[in-house]
Enquirer: 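Sending over a structure as structure tokens; questions will come in a sec.
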Amino acid sequence: IDSVVTHRFWAYPIFIVFMWLLFQATFKLGEIPMGWIESFFGWLHDVASTGLPEGVFRDLIADGIIAGVGGVIVFLPNILILFLGISIMEDTGYMARAAFITDKLMHRIGLHGKSFIPMLMGLGCSVPAIMAARTLESQKDRIKTILLTPLISCSARLPVFVLFAGAFFPKNAGNVVFLFQVVFGFGAFILMGFLFKHTLFQKEDDYPFVMELPPYRLPTLQSILIHMWHKTEHYLKKMGGVVLVFSIILWWMGAYPKVPEIERSYDQKIESVKL
């Protein structure tokens, strides 16, 4: 098997296929449960808005906590599917081969071979991409990967690119969107990787990549689920702590100070545009 999956030519097409399958499973299969979660939190928001008495407490619960936490927990299916796929590749032994064949390319910008997976996931969404950096053993590699991954243009930025490309370059909108979505994103990733390598992380030793490839194994369902849950548990803890606090802060910054006259004028302008 290694004569094929680590081949100097065939290794990369095979790796691309596996990453494409993982990428598609993460976001395509995750769309259905994401819709369920969005509907649940929408229903919960309506219940809080209608069931609680009008006031600051109702706005805090409905628009602050429920809307804020719901906007993040909606990515939970993506996180679960992503870590499920990564756990399968780790337990079978292929993850070590993937790191081996990509390390030569990533090492040139001071990254580990496994950093390629978060970079690829970043094309879909930066949240699971950053969470995928937890698969890296070195803390410095995790920090560098987390700092660089948001430079990859995720799908959420696509509507913004389409809007500006259609407004300023209507005849070449498709090429402009591809330029910003892919070329500039990967270009910024590589450029900042070089910059970090020679500034913030320049004291690191430039050591060769030496590793022992583990034997291939047939993973058990129990081990896959345990690995997947341990990696997802950290995401849930962060969501319950940091996200909750910042959701309340952002809600407060958007809700205050209250000026009823200005709010009524905005509502009137919005209604006039709708008519």
Enquirer: First locate atom CZ of Phe196, then atom CG of Leu191, and finally report the distance between them rounded to the nearest 0.5 Å.
Expert: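 One finds 10.0 Å between CZ of Phe196 and CG of Leu191.
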Enquirer: Grouping I, L, V, M, F, W and Y whenever their side-chain heavy atoms are under 4.5 Å apart, do Leu29 and Leu221 come out in a common cluster?
Expert: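 Leu29 does not cluster with Leu221.
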Enquirer: Give me the atom names and distance for the closest heavy-atom approach of Phe189 to Thr149.
Expert: CE1-N, 4.1 Å
Enquirer: Linking I/L/V/M/F/W/Y whenever their side-chain heavy atoms sit closer than 4.5 Å, directly or via other members, would Ile81 and Ile37 fall into one cluster?
Expert: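 Result: no, two separate clusters.
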Enquirer: Any heavy-atom pair between the side chains of Asp141 and Lys144 that's under 4.5 Å?
Expert: yes
Enquirer: So, taking the atom named CG in Leu218 and the one named OG1 in Thr92, what distance separates them when rounded to the nearest 0.5 Å?
Expert: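 That separation rounds to 9.0 Å.
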Enquirer: Within this structure, what is the CG-CD1 distance for the pair Leu195 and Ile190, rounded to the nearest 0.5 Å?
Expert: 14.0 Å
Enquirer: For residues Arg97 and Gly93, report the shortest heavy-atom separation together with the two atoms involved.
Expert: NH1-O, 2.9 Å
Enquirer: Has the side chain of Ser272 got a donor or acceptor atom that lies under 3.5 Å from a matching backbone atom of Lys269?
Expert: yes
Enquirer: Using only atom types and a distance under 3.5 Å, with no angle test, would you say the side chain of Arg142 pairs donor to acceptor with the backbone of Ala133?
Expert: no
Enquirer: Could you see if Ile32 belongs to whatever hydrophobic cluster contains Trp43? Use Ile, Leu, Val, Met, Phe, Trp, Tyr and a side-chain cutoff under 4.5 Å.
Expert: no
Enquirer: Under the side-chain contact (heavy atoms from CB on, under 4.5 Å) test, which residues partner Ile1, sequence neighbours left out?
Expert: Val5, Tyr216
Enquirer: Of the non-hydrogen atoms in Leu148 and Gly193, which two are nearest, and what is the gap between them?
Expert: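 Smallest interatomic distance, heavy atoms only, reads CD2-N, 3.7 Å.
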Enquirer: List the atom of Ala188, the atom of Leu151, and the distance in Å for their closest heavy-atom pair.
Expert: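 Reported closest heavy-atom pair: O-CD1, 3.6 Å.
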Enquirer: Judged by atom type as modelled, is there a donor-acceptor pair below 3.5 Å linking the side chain of Ser223 to the main-chain atoms of Pro219?
Expert: no
Enquirer: Tell me, please, which residues at least two apart from Tyr94 pass ring pair (Phe, Tyr, Trp, His ring centres under 6.0 Å).
Expert: Phe18
Enquirer: Under 30°, 30 to 60°, or over 60°: which ring-plane class applies to His7 and Phe9, parallel, tilted or perpendicular?
Expert: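 If you compare the ring of His7 with that of Phe9, the planes turn out perpendicular.
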Enquirer: Same hydrophobic cluster for Trp251 and Leu52, using side-chain heavy-atom links shorter than 4.5 Å among ILVMFWY?
Expert: yes
Enquirer: Where is the tightest heavy-atom contact between Gly64 and Ser247, given as atom of each residue plus distance?
Expert: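 The answer is O-CB, 3.6 Å.
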Enquirer: Rounded to the nearest 0.5 Å, what separation is found between the CE atom of Met253 and the CD1 atom of Ile248?
Expert: 14.0 Å
Enquirer: What's the separation between atom CG in Asp63 and atom OG in Ser49, rounded to the nearest 0.5 Å?
Expert: 6.0 Å
Enquirer: In this structure, would Trp36 and Ile66 fall into the same cluster of hydrophobic residues linked by side-chain contacts under 4.5 Å?
Expert: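 Shared cluster, no.
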Enquirer: Could you go step by step and tell me if Ile224 and Thr220 meet the side chain to side chain contact (heavy atoms under 4.5 Å, CB included) rule?
Expert: CA-CA 6 Å; Ile224 292 175; Thr220 63; over 6 Å; no
Enquirer: In Å and rounded to the nearest 0.5 Å, what is the CD to NE2 distance from Glu38 to His45?
Expert: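 Nearest 0.5 Å value for the CD-NE2 distance: 14.0 Å.
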